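Below is one structure; the comments refer to it alone.
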Amino acid sequence: MHRRLIAPGALAASLLLAIPASAASYTPGTPGIGDAYYPAYGNGGYDVSHYDLRLTYQPGTDELEGTATLLATTTQDLSRFDLDFLLDVSEVRINGVKASFAASGEHELQITPAKPLAKGTSVTVVVRYSGVPSTKSAYGFSTWHRTPDGAVAADEPESAWWWYPSNDHPLDKATYDVSVAVPDGTQAISNGTLQSTSSRLGWTRYNWRSNKPQATYLTTLAVGKFDITTGTSEGGVPVVNAYSKDLGDNDGAARASVERTGELVDWLSGYFGPYPFSSAGGYVPNTTTGYALETQTRVYYSPRQFANGSNTSVVVHELAHQWYGDDVSLKGWKDIWINEGFARYAQWLWSEHEGEGTTQELADYVYASHPADDAFWTVAPGDPGPDNQFDIAVYDRGALAVQALRNEVGDDAFFAILKGWPKEHAYGNASVADFREYAEHVSGTSLTALFDTWLFQPSKPAAPAARSAGVASAVAAKGAVVPPKSWKKIAATDTVHSG
């Protein structure tokens, strides 16, 4: 994805708080929620509980029209607030009353209500807008992907700006209704469950609902000509998958992989607990990107993921995120290890299930295949920095840390942690520190030193530390490091989150 540090805009002055006059207590919400990696992302002063998006999209011209209704509550005495958005706005109303607005900075929509809003006020914000998303960029990039028959919004850590106004940070999760009208013969796919469709005057409207809290970067929109399959897993989870009708030679391998979604959701439930959402599935549009993304309930896969044949390992990775990343979302982007380390470890568990290498053999291989002077060890998965947020070390060293934890606390405590964590923080947010504390509580073991060694030290753990965690150097004859059978398949998914 995007490995960069966004410089913060000028934060709102708060000196007026010191003035006793009541009017002076109303101050602007900050144009950033306070994330250390992306200071300008998200916004302060309010919390969104629901997004209702009513859109019309013309694939031929990439024209998008929309009305977004946000239900929110103010978290301070608010004189003004921002939404993250790039398209052209024609009107904003707050609780039915017109508000003034202006574009600000790279991606901010600055809104001033007719009257200041007291802390704790329920607010309905209506934004009418239009534009051609593919003509918009911020910080020199776009996350709106045109396809031969439409477009796709799917990216990390941001993609919402190109199609709806939002408080764009995982800390502010909300439920969604996404209604999209497209020309007859074209489909619109989004998260959650398809509530209904209707056709009128050459247009078909698709109404999708996500009834559990969802981070903005996990929302997705795909418009095009798809073959849609539906079913129910053996465990009772509804599954909706979709494939562009022009995938060419990748079509068979994509279906052979993604059609196993129901089976894999049930299998992962054995490790992570009940599936946390109303539906599961994935879609494969005809894009030129190379990554996959755990968009909630409806995973985005690039055709290139299946260029060399079927790829169940990437499906396992993205479905594992439904628990680790989607159900329990990170508090800040520095907590990315909770997402990627455990999704990678799920691939290791799948390898063991398939008889292609145990989790311990994979851990041994990762440890042995990177010498001490390898830059791999300089990346700290527990806080990798924005430039290394999706570095391979976050995945492989991150999974190595998970195996070290398993060996430290024993299988009974480890699998209790693995299954209990999504339940403990269901539909919320948590940090690496929160996870350590939870693991210590369940295991009754102090884990500060272990977490520091495997997640935060910018160096390769010494052999004694590796042995104490059960991670030994597995070096075959003549010093050659022999990878487990599954390694090639797992390595083929190394680009899951990089374009």
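All values derive from a computational prediction rather than experimental measurement.
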With no hydrogens and no angle check, do the side chains of [X] and [Y] hold a donor and an acceptor under 3.5 Å apart?
X: Ser351; Y: Ser486; answer: yes
X: Gln360; Y: Gln403; answer: yes
X: Thr359; Y: Arg406; answer: yes
X: Glu259; Y: Thr229; answer: yes
X: Asp84; Y: Ser166; answer: no

| request: Please step through side chain to side chain contact (heavy atoms under 4.5 Å, CB included) for the pair Leu70 and Thr124, ending with a clear verdict. | output: CA-CA 6 Å; Leu70 285 65; Thr124 300; over 6 Å; no
| Under 30°, 30 to 60°, or over 60°: which ring-plane class applies to Trp421 and His425, parallel, tilted or perpendicular? | tilted
| request: Give me the ring orientation class for His353 and Trp267: parallel if the planes are under 30° apart, tilted from 30 to 60°, perpendicular past 60°. | output: tilted
| message | Applying the ring pair (Phe, Tyr, Trp, His ring centres under 6.0 Å) criterion to Phe85, which one of Trp161, Tyr129, Trp162 satisfies it? | response | Tyr129
| said: Go through it in stages, so that I can follow the logic: the residues are Asp434 and Lys331, the test is salt bridge (charged side-chain N to carboxylate O under 4.0 Å, His left out), and I'd like the CA-CA distance, side-chain angles, deciding distance and then a yes or no. | reply: CA-CA 10 Å; Asp434 292 329; Lys331 280 185 177 177; 2.9 Å; yes
If you measure from [atom1] on [X] to [atom2] on [Y], what distance do you get to the nearest 0.5 Å?
X: Leu171; Y: Ser329; atom1: CG; atom2: OG; answer: 9.0 Å
X: Trp350; Y: His317; atom1: CH2; atom2: NE2; answer: 15.5 Å
X: Tyr365; Y: Leu400; atom1: OH; atom2: CG; answer: 13.0 Å

Tell me if the [atom1] atom of [X] is crowded by more than 12 foreign heavy atoms within 6.0 Å.
X: Asp411; atom1: CG; answer: yes
X: Asp184; atom1: CG; answer: yes
X: Arg128; atom1: CZ; answer: no

| Would Tyr291 and Tyr300 count as a ring pair (Phe, Tyr, Trp, His ring centres under 6.0 Å) if you check the C-alpha gap in whole Å, the side-chain angles of each, and the deciding distance to 0.1 Å? | CA-CA 8 Å; Tyr291 59 85; Tyr300 166 81; 5.5 Å; yes
| Pair Trp337-Phe435, ring pair (Phe, Tyr, Trp, His ring centres under 6.0 Å): steps then yes or no | CA-CA 10 Å; Trp337 169 71; Phe435 184 87; 5.6 Å; yes
Would the distance check show the side chain of [X] and the main-chain N or O of [Y] forming a donor-acceptor pair, the cut-off being under 3.5 Å?
X: Asn167; Y: Asn43; result: yes
X: Asn429; Y: Pro170; result: yes
X: Arg304; Y: Thr288; result: yes

| request: Evaluate the ring pair (Phe, Tyr, Trp, His ring centres under 6.0 Å) criterion for residues Phe414 and Tyr345: first the C-alpha distance (whole Å), next the side-chain angles of each, then the deciding distance (0.1 Å), finally the verdict. | output: CA-CA 13 Å; Phe414 175 77; Tyr345 195 76; 5.7 Å; yes
| said: As a quick check of understanding, evaluate side chain to side chain contact (heavy atoms under 4.5 Å, CB included) for Phe306 and Leu247, giving each step before the final call. | reply: CA-CA 10 Å; Phe306 311 105; Leu247 290 179; over 6 Å; no
Can we say [X] and [Y] salt-bridge, meaning some charged N sits less than 4.0 Å from an Asp/Glu carboxylate O?
X: Asp88; Y: Lys136; answer: yes
X: Glu340; Y: Arg344; answer: no
X: Arg255; Y: Asp227; answer: yes

| message | I want to check a possible cation-pi pair here: Arg397 against Phe376, using under 6.0 Å from ring centre and within 45° of the ring axis as the test. | response | no
| message | Against the six-membered ring of Phe272, is Lys419 placed for a cation-pi contact (under 6.0 Å from the centre, within 45° of the normal)? | response | no
| note | Result for side chain to side chain contact (heavy atoms under 4.5 Å, CB included) between Val240 and one of Ile228, Thr193, Thr261 points to Ile228
| query | Pick one: which of Trp208, Tyr164, Tyr176 meets side chain to side chain donor-acceptor pair (under 3.5 Å) with Thr219? | reply | Tyr164
| field | Pair Tyr46-Val123, side chain to side chain contact (heavy atoms under 4.5 Å, CB included): steps then yes or no | value | CA-CA 9 Å; Tyr46 62 94; Val123 180; over 6 Å; no
| request: Give the intermediate values and the outcome of side chain to side chain contact (heavy atoms under 4.5 Å, CB included) for residues Phe277 and Gln214. | output: CA-CA 10 Å; Phe277 303 119; Gln214 180 172 287; over 6 Å; no
| field | Evaluation steps, side-chain hydrogen bond (donor to acceptor under 3.5 Å, both in side chains), between Asp168 and His107 | value | CA-CA 11 Å; Asp168 190 28; His107 73 282; over 6 Å; no
